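Right, one structure below, let's go through it.
Note that the structure is predicted; figures quoted are calculated from it, not measured.
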Amino acid sequence: MGRGQLSSAALPRGFFDRPSHEVAPDLLGRVLVHGGPNGPVAVRLTEVEAYGGPGEDPAAHTYRGKTPRNAVMFGPPGHLYVYFTYGMHFCANLVCLPEGHGSAVLLRAGEVVAGLTVARARRSAGKTVDDRDLARGPARLAVALGLLREHNGLDAVLEGSALGRPRESVTVMEGRPADAATIRSGPRTGVSTAKETPWRFWIDGDPTVSPYRAHVPRRRSAAATSVGEVPSS
């Protein structure tokens with residue numbers, strides 16, 4: 001894993017079978033591993049945001065119910081929900097609660113702890129990127145991990161032996177949970193509704209945490225509008 005202090009045990013499905021605002025702070029310090037074709041990249045999560053279910057959270061993709069786009073969020077807990085936003089970015093979430101509830105946690109930022117060479121190549125685009133910025137923000141995190149539309153719906157829970165698991169897989173490892181004394185919470189970033197809900201969680205003082213930005217209305221392109229109005233989970 002690249003860090004001796006990080007546990008390599010996988011989180012069980014029951015970890016995700018809880019309300020998203022309970023799962024979210026517990027995800028801090030955990031490690032998401034994507035075993036893509038260029039080799040595995042692992043990110044230790046340092047910032048996340050929780051989103052509730054249908055009719056409960058107007059900032060969530062599931063607020064108005066199930067659609068082809070958000071169907072994965074209504075599936076079993078522990079699966080990856082990847083969506084495209086603003087016509088240019090992918091963002092990754094982990095599904096929470098039992099099947100049918102439509103809730104998830106957006107993965108906002110983290111520290112690359114394995115596969116640095118691969119992550120740098122994905123993020124550099126010919127420019128030098130500081131290591132702290134490789135996965136600092138939800139779109140950057142998805143790029144560093146190599147997560148795209150085709151990874152939507154992947155099961156991030158490793159059950160049984162790792163033998164025979166597809167190379168194109170994701171797994172959430174125990175890592176090293178953040179000390180509760182270092183966890184902070186506050187309003188979610190960039191959402192236009194329910195923006196005061198304090199369901200953004202981060203590790204205080206960690207350099208990979210992204211800066212907070214309040215929602216600013218912007219002109220939407222046709223491509224952006226087609227993927228939905230809420231740029232969150």
Quiz item: With hydrophobic residues grouped by side-chain heavy-atom distances under 4.5 Å, do L154 and L107 end up in a single group?
Solution: yes
Quiz item: Is there a side-chain contact between W199 and V105 (heavy atoms, below 4.5 Å)?
Solution: no
Quiz item: Transitively linked via ILVMFWY side-chain contacts under 4.5 Å: V209 with V48?
Solution: no
Exercise. Have a look at F90 and tell me which of Y83, F84, Y81 forms a ring-ring contact (aromatic ring centres under 6.0 Å, His included) with it.
Key: F84
Quiz item: What are the two closest heavy atoms between L147 and L80, and how far apart are they?
Solution: CD2-CD2, 3.9 Å
Practice problem: For R123 and A135, indicate whether the former's side chain and the latter's backbone hold a donor-acceptor pair under 3.5 Å. | Solution: no
Practice problem: Give a yes or no on whether the backbone of G53 and the side-chain of E56 come within a donor-acceptor separation of less than 3.5 Å. | Solution: yes
Quiz prompt | Nearest heavy-atom neighbours spanning A42 and V33 | solution = CB-CG2, 3.9 Å
Quiz item: Just by distance, do the side chain of N70 and the backbone of G65 share a donor-acceptor pair under 3.5 Å?
Solution: yes
Practice problem: Any chance you could measure H101, atom NE2, to D17, atom CG, to the nearest 0.5 Å? | Solution: 8.0 Å
Quiz item: Any sub-3.5 Å donor-acceptor pair from R30's side-chain atoms to E174's backbone N or O?
Solution: yes
Exercise. Nearest 0.5 Å please: distance from the CG atom of N93 over to the CG atom of L106.
Key: 5.0 Å
Self-check item: T128 OG1 to R120 CZ distance, which is reported to the nearest 0.5 Å
Solution: 10.5 Å
Self-check item: Check: W202 and R108 side chains under 4.5 Å, non-hydrogen atoms
Solution: no
Quiz item: L94 and L97: same hydrophobic cluster, using ILVMFWY side-chain contacts below 4.5 Å?
Solution: no
Quiz item: Rounded to the nearest 0.5 Å, how far apart are NE2 of H61 and CE of M73?
Solution: 7.5 Å
Quiz item: Looking only at heavy atoms, what is the nearest atom pair of C91 and P138, with distance?
Solution: SG-CB, 3.9 Å
Self-check item: Same cluster (ILVMFWY, side-chain, under 4.5 Å), V82 and V43
Solution: yes
Quiz item: Quick one: is the NZ or CZ of R13 closer than 6.0 Å to the six-membered ring centre of F16, and within 45° of its axis?
Solution: no
Exercise. Nearest 0.5 Å please: distance from the OG atom of S185 over to the NE2 atom of H21.
Key: 11.5 Å
Exercise. Begin from the C-alpha positions of L141 and L45 and carry the test side chain to side chain contact (heavy atoms under 4.5 Å, CB included) through to its verdict.
Key: CA-CA 9 Å; L141 183 147; L45 300 173; 4.1 Å; yes
Quiz item: Between the side chain of E111 and the main-chain N/O of T46, is any donor-acceptor distance below 3.5 Å?
Solution: no
Quiz item: Taking all atoms of both residues into account, what is the closest heavy-atom pair of R44 and G29, and its distance?
Solution: CG-O, 3.9 Å
Quiz prompt | For V129 against S124, the heavy-atom pair lying closest together | solution = CG2-CA, 3.9 Å
Self-check item: Approximate separation, where rounding is to 0.5 Å, of K195 NZ and R188 CZ
Solution: 12.0 Å
Practice problem: Grab the two heavy atoms, one from S20 and one from A104, that are nearest each other, plus how far apart they are. | Solution: CB-O, 3.6 Å
Quiz prompt | Within one Ile-Leu-Val-Met-Phe-Trp-Tyr cluster: Y63 and V95, side-chain cutoff 4.5 Å | solution = no
Exercise. Take S210 and E47 through the side-chain hydrogen bond (donor to acceptor under 3.5 Å, both in side chains) test and state the conclusion after the steps.
Key: CA-CA 8 Å; S210 67; E47 181 188 3; 2.7 Å; yes
Quiz item: Do side-chain atoms of R122 reach the backbone of A144 as a donor and acceptor pair under 3.5 angstrom?
Solution: yes
Quiz item: Are any non-hydrogen side-chain atoms of V112 and D131 less than 4.5 angstrom apart?
Solution: no
Quiz item: Salt bridge between D130 and R136, side-chain N to carboxylate O under 4.0 Å?
Solution: no
Practice problem: Please check if the side chain of H34 supplies one atom and the backbone of L145 the other of a donor-acceptor pair under 3.5 Å. | Solution: yes
Quiz prompt | Lys/Arg-Asp/Glu bridge criterion (N-O < 4.0 Å) met for D206, R132 | solution = no
